[in-house]
Amino acid sequence: MEQTKIESSFQVLDEMAENIQQQMDLPYIESLAVGLEYLFTNEPTDDMHDLLKQKLQKGSEKLNIPGLEKEELRKVIQLCILKGMHNATQQQHLITPDTVAMFVAYLVQKLLGKQDKVRLFDPACGSANLLTAVVNQLNTEVEAYGSEVDTSLIQLALMSANLQEIEVEFFHQDSLRPFLLEPVDAVIGDLPVGYYPDDVQANNYELKADSGHSYSHHLFIEQGLNYVKEGGYLLYVIPNFLFDSDQAEKLNNFLHKHAHIVGILQLPLSMFKSESNAKSIFILQKKGIETKAPKQVLMAQLPSFKDVASVDNILININQWFKEEGY
């Protein structure tokens, strides 16, 4: 993939977003969403000045969306989102790194690649970077679903998917409330970490806290199990401290009751500012009549993704594990 094309396209889209930001007095992230919508519809909004319309038209011609591959376009949009979120302090205003998204896609392919069609759901999709990256990597037909409560992020997700020509059904709602969604083959997600403020809604979950607010990251795990088929898989990016909290025993008991732990892959520590921020990819299978726990849980400490030889070695070991487990 030609990096210079991505960089030059980023500069064009970034300039479009900045022009919108300056002339419409919007935050950068909202301006980016407006710019992406313009690129998709090629129609300016009523409140755009003539000068801005001219700049957007020139930007659209220069960007040349049809000349970009899906993954190139996703990366261009991602770079702009990363710029917009650079100073964000809210936990949900984060983006899953590409290397992690690629690894999740590889695991989904290993687990479900033999199916003709895969139904995929990200209940905390944010700007849909993880969801669209995984869809782009899968060598099978995908029905994709995503949910996000944040208005700015769901707009970015929708426009990003539209421009990549990926069909995704989005839910703009509190993702811990019920969905009108048939069970899916796999749930993926980068778990939002923190407390869930709606104690009334949390009361519907087994993993509700005995007192005070419940952990949203625990409830998302349970929610995923609610919407995945028996025998289906969940692949969550989790904080490494997940099983060290005051509610860890309740979580362990819940998982033992409803799921098989398939694997825990610790992401490279070099990816994170500190060890306390480190994360892992957590793989679960929902229990069903014909399911059984793996003979051996897949566990690994992933090396730096820059160390190609070490990554190749770990992939050989993981592929061997999948072969021995009969995938």
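Sequence neighbours left out, the pairs with a member in residues 311-321 that pass side-chain hydrogen bond (donor to acceptor under 3.5 Å, both in side chains) are Tyr106-Asn319, Lys110-Asn319, Gln320-Glu324. Here side-chain hydrogen bond (donor to acceptor under 3.5 Å, both in side chains) pairs that include residues 286-303, with residues two or more places apart or in two chains, are His260-Thr291.
Of the options Leu156, Leu32, Ile29, a side-chain contact (heavy atoms from CB on, under 4.5 Å) to Cys80 is made by Leu32 and by none of the others.
Residue Val149 is found outside any hydrophobic cluster, as its side-chain heavy atoms come under 4.5 Å of no other Ile, Leu, Val, Met, Phe, Trp or Tyr. Summarising the hydrophobic clusters (Ile, Leu, Val, Met, Phe, Trp, Tyr; side-chain heavy atoms under 4.5 Å, direct or chained), the residues clustered with Met102 are none.
Checked against side-chain contact (heavy atoms from CB on, under 4.5 Å), Leu112 has the following partners two or more places apart in sequence or in another chain: Val108, Gln115, Val118, Asp185, Ala186, Tyr233. With sequence neighbours left out, the side-chain contact (heavy atoms from CB on, under 4.5 Å) criterion links Leu51 to Gln23, Gln54, Lys55. Residues passing the side-chain contact (heavy atoms from CB on, under 4.5 Å) test with Phe40 are Met159, Asn162, Leu163, sequence neighbours excluded. Under the salt bridge (Lys or Arg N to Asp or Glu O under 4.0 Å) criterion, Lys257 pairs with Glu206, not counting sequence neighbours. Listed by chain and number, the residues in a side-chain contact (heavy atoms from CB on, under 4.5 Å) with Leu269 are Glu275, Ala278 (sequence neighbours excluded). Legend: residues meeting ring-ring contact (aromatic ring centres under 6.0 Å, His included) with Tyr38, ordered by chain and number and at least two apart, are absent. Taking Tyr227 as the reference, Phe179 meet the ring-ring contact (aromatic ring centres under 6.0 Å, His included) condition, with sequence neighbours excluded. Contacts of Asp198 classified as side-chain hydrogen bond (donor to acceptor under 3.5 Å, both in side chains), with partners at least two apart in sequence or in another chain: Arg177.
Residues Pro294 and Val262 share a closest heavy-atom pair of CG-CA, 4.1 Å. Shortest non-hydrogen contact noted between Pro123 and Ile188 is CD-O, 3.3 Å.
With respect to Lys58 and Glu61, no salt bridge is recorded, no charged nitrogen being found less than 4.0 Å from a carboxylate O.
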Go through Glu18 and Lys83 one step at a time and tell me if the salt bridge (charged side-chain N to carboxylate O under 4.0 Å, His left out) criterion holds.
CA-CA 11 Å; Glu18 286 188 341; Lys83 174 183 174 177; 2.5 Å; yes
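Checked against the 6.0 Å centroid threshold, Tyr195 and Tyr215 count as a close aromatic pair.
Under the 3.5 Å distance criterion, with hydrogens and angles disregarded, no donor-acceptor pair is assigned to the side chains of Thr41 and Glu37. Side-chain contact check for Asp174 and Gln201: no donor-acceptor pair (N or O, by modelled atom type) lies under 3.5 Å.
A donor-acceptor pair is defined here as one N or O able to donate and one able to accept, closer than 3.5 Å; such a pair exists between the side chain of Arg119 and the backbone of Glu182.
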